[in-house]
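Take a look at the structure set out below.
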Amino acid sequence: MNDQKPMIEVRNLDKFYGSFHALKGINLTVHQGEKMVVCGPSGSGKSTLIRCFNGLEFHNSGTLIVDGVEVHENAKEIRAIRQEVGMVFQQFNLFPHLTVLENLMIGPMKVRRLSRADADDTARKYLDRVHIPEQADKYPSQLSGGQQQRVAIARSLCMESRIMLFDEPTSALDPEMINEVLDVMVELVDTGMTMVVVTHEMGFARKVADTMVFMEMGEIVEISPPEQFFTNPSSERCRLFLNQILEH
Amino acid sequence: MDAAQHPSLKGAVLPRPSAMQRVFGSTLMSVLIYAAVMGLIVYGSYVGAQNMGYNWQWSRVPQFLYSFTDDGFQLGEMIIGLGLTLKLSATAFALATALGLLVALLRLSGLVIGSAVAIGFLEFVRNIPLLVLLYLFYYVLGPIFGLDRYTASVLTLAVFHSALISEILRAGINAVAIGQWEAAKSIGMSTGQTYRYIILPQSIRFMLPPMTGEVVHLVKSSAIVSVIAVAELTTIGRNIISDTFMSFEIWFTVALIYMAVTLILSVGVSFVERRYAVGQ
Ligand SMILES: Nc1ncnc2c1ncn2[C@@H]1O[C@H](COP(=O)(O)OP(=O)(O)O)[C@@H](O)[C@H]1O
Ligand SMILES: [Mg+2]
């Protein structure tokens with residue numbers, strides 16, 4: 001369905017926490033520039049799956065290839081992979097002791113070894129991109145949740161990664177701030193970035209997704225293009241889930 | 001700590017303590033209570049000494065603190081001794097912090113050998129009296145490695161306090177939210193970079209109060225090196241007494257000097273703490 005090169009390839013991936021089988025035989029491919037939206041009930045393994053993609057968790061069997069490199073616990077390239085795969089967290093996880101600008105500069109300076117001046121340029125460019133250039137010198141705690149999450153997105157963008165992962169980026173936000181974050185993400189879509197987004201914002205999903213994934217109990221139950229996913233999902237469980245969240 | 005574990009609380013104003021807590025928790029109140037207790041003790045010993053027929057000679061004490069001679073102002077023996085106490089304590093504290101950080105990081109490394117070494121060290125140090133540790137360094141390791149009294153003393157205090165400090169550092173490091181690690185990793189930082197730029201700067205505010213207590217503890221326990229005759233404050237005090245027999249005056253003076261130093265330290269750090277809290 002897609003002739004772009006694969007950026008994330010997952011084959012028969014299993015993940016255990018102790019004896020708990022968190023991910024069961026996952027198969028999927030994310031191509032360059034593809035936008036994949038993952039949804040499913042709480043505890044179904046969505047976070048675990050995307051955290052495997054940047055080596056915050058490691059799978060126990062199967063293969064995972066990210067940007068041509070096989071990911072496993074002892075991979076020497078793990079830091080290189082993390083630089084290519086940005087992540088935005090539900091709880092923002094900004095560095096509270098650094099200003100907004102410093103939050104954005106620290107990765108480019110310490111990891112990418114950019115000069116301070118270049119890192120400053122990069123940081124301001126992406127702060128513009130998320131529409132809060134005026135907040136550069138504040139500390140994260142002085143910003144609203146929506147602004148903090150946009151800073152977190154900018155922090156990831158500053159690494160100029162090729163893939164961006166979002167783990168329920170709007171779930172911790174007050175309702176009135178959700179759209180400012182989603183708008184920034186929609187703008188990002190237009191840049192051709194490869195994106196995997198865990199979210200229950202189905203309006204956003206309809207607008208941007210190339211592929212929809214529905215997970216339950218550690219399995220991928222449904223994986224299909226949005227036209228089919230929203231109108232005619234092949235599984236009953238997925239239909240029930242969609243009814244449930246679309247009611248709200 | 002709570003704020004770190006509950007990101008939504010971060011930066012939130014702490015609940016205001018009750019009036020009781022505020023009055024009894026205030027610095028002024030602690031100083032007053034402290035002064036009252038000390039006053040009672042001093043008064044009690046004064047009366048006791050009077051009954052023993054002790055001959056007070058306070059006027060002979062100042063010469064051991066300072067004097068004016070033909071060469072001008074001179075520091076007295078006790079102040080010189082205090083100087084050595086401070087130098088000894090500062091050096092030992094710096095070493096103890098470095099060693100403590102190493103032990104804490106070893107324990108947190110997740111390496112089996114690393115934590116085994118760290119725990120072995122901690123158990124060894126924690127279960128030996130400070131005095132015995134000092135004898136080990138001075139009488140056993142001293143001759144082997146050619147350590148003089150001063151070096152043996154510094155090492156003893158450093159090793160002893162590094163065990164306590166490593167626990168403070170470990171607790172402070174653990175108090176930083178796990179999400180900070182994840183965020184740092186996700187931008188490709190190494191473990192070392194994450195500690196240096198992200199974790200340690202944030203854990204300082206958790207570490208400052210117990211570390212102050214530890215410095216005070218160290219200054220006080222440095223008195224123990226008088227048993228191997230390092231010329232610090234306590235040793236000097238003892239020497240003066242053996243020349244002058246003014247044991248009450250000199251021991252009171254020594255105690256007051258220690259108290260002054262530790263109080264100044266505590267007050268100084270609480271200012272730093274306040275400034276740091278504002279900086280966050
Ligand atoms: N570090 C962990 N240790 C043990 N169990 C975990 C851990 N992380 C997640 N789990 C479990 O794995 C399952 C999937 O979790 P998660 O991926 O966070 O789900 P989701 O993001 O879909 O809500 C849950 O049952 C959760 O309790
Ligand atoms: Mg989740």
Side-chain angles (χ1 to χ4, degrees), chain A residues 47 50-51 53-57 73 77-99 102-113 138-143 145 148 151-152 154-161 163-167 172-174, chain B residues 1-14 108-114 169 172-209 211 272-280:
Chain A
S47 300
I50 67 168
R51 288 158 61 88
F53 295 168
N54 70 341
L56 285 183
E57 300 284 351
E73 193 147 3
E77 307 87 348
I78 197 73
R79 281 183 62 203
I81 292 166
R82 287 187 183 138
Q83 290 172 41
E84 295 312 320
V85 187
M87 184 156 205
V88 174
F89 301 88
Q90 185 175 350
Q91 299 293 349
F92 327 140
N93 295 348
L94 292 175
F95 305 131
H97 60 302
L98 302 179
T99 63
E102 290 166 342
N103 263 276
L104 305 197
M105 288 167 63
I106 192 145
M109 281 175 67
K110 302 303 173 192
V111 178
R112 292 262 191 238
R113 304 272 168 211
K138 289 199 181 157
Y139 283 90
S141 60
Q142 297 170 294
L143 304 186
Q148 289 190 46
V151 173
R155 177 175 67 184
S156 258
L157 291 174
C158 281
M159 294 305 292
E160 318 219 290
S161 350
I163 304 171
M164 285 272 278
L165 309 174
F166 295 81
D167 193 356
L173 295 178
D174 293 335
Chain B
M1 293 226 180
D2 282 357
Q5 277 149 17
H6 305 280
S8 59
L9 289 180
K10 206 166 279 173
V13 183
L14 291 171
L108 291 167
S109 66
L111 303 171
V112 178
I113 298 184
L169 300 183
I173 288 168
N174 280 335
V176 176
I178 187 82
Q180 295 292 304
W181 276 102
E182 297 184 344
K185 277 188 193 169
S186 76
I187 55 173
M189 280 195 178
S190 67
T191 306
Q193 289 176 324
T194 307
Y195 270 121
R196 179 160 165 212
Y197 301 114
I198 308 300
I199 304 298
L200 290 178
Q202 291 186 61
S203 41
I204 284 173
R205 80 193 145 115
F206 301 114
M207 298 168 180
L208 263 181
M211 283 295 260
V272 175
E273 244 167 70
R274 214 162 304 161
R275 285 206 46 184
Y276 199 82
V278 172
Q280 288 270 312

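Side-chain atoms are counted along with the backbone in the values below, which use heavy atoms only and exclude waters and symmetry mates. Below, chains carry the letters A, B, ... as their sequence lines are ordered, and counting in each starts from 1.
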Closest non-hydrogen atom pair between A:Phe89 and B:Ala183, with its separation:
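Closest heavy-atom pair between A:Phe89 and B:Ala183: CE1-CA, 3.8 Å.
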
Using ring-ring contact (aromatic ring centres under 6.0 Å, His included) as the criterion, list what pairs up with B:Tyr197, not counting sequence neighbours.
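None.
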
Is chain B contacted by the side chain of A:Val85, its backbone, both, or neither, given a heavy-atom distance below 4.5 Å?
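For A:Val85, backbone heavy atoms alone lie under 4.5 Å from chain B.
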
Can you list the residues of residues 187-194 of chain B that sit under 4.5 Å from chain A, counting heavy atoms only?
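B:Ile187, B:Gly188, B:Met189, B:Ser190, B:Gln193, listed by number.
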
Counting heavy-atom pairs closer than 4.5 Å to chain B, which one of A:Arg112, A:Lys110, A:Arg51, A:Gln142 comes out on top?
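Among A:Arg112, A:Lys110, A:Arg51, A:Gln142, the one with the most close pairs to chain B is A:Lys110.
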
Inter-residue atom distance B:Glu182.CD - A:Met87.CE, 0.5 Å rounding:
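Output value for this atom pair is 8.0 Å.
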
Value rounded to 0.5 Å, distance of CZ in B:Arg205 from NE2 in A:His97
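The NE2 atom of A:His97 is 10.5 Å from CZ of B:Arg205, to the nearest 0.5 Å.
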
Side-chain donor/acceptor of A:Asn93 to backbone N/O of B:Gly179, under 3.5 Å:
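Indeed, once roles are kept as given, a pair shorter than 3.5 Å links the two residues.
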
Is the shortest side-chain heavy-atom distance between A:Pro96 and B:Gln180 below 4.5 Å?
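Yes, their side chains come closer than 4.5 Å.
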
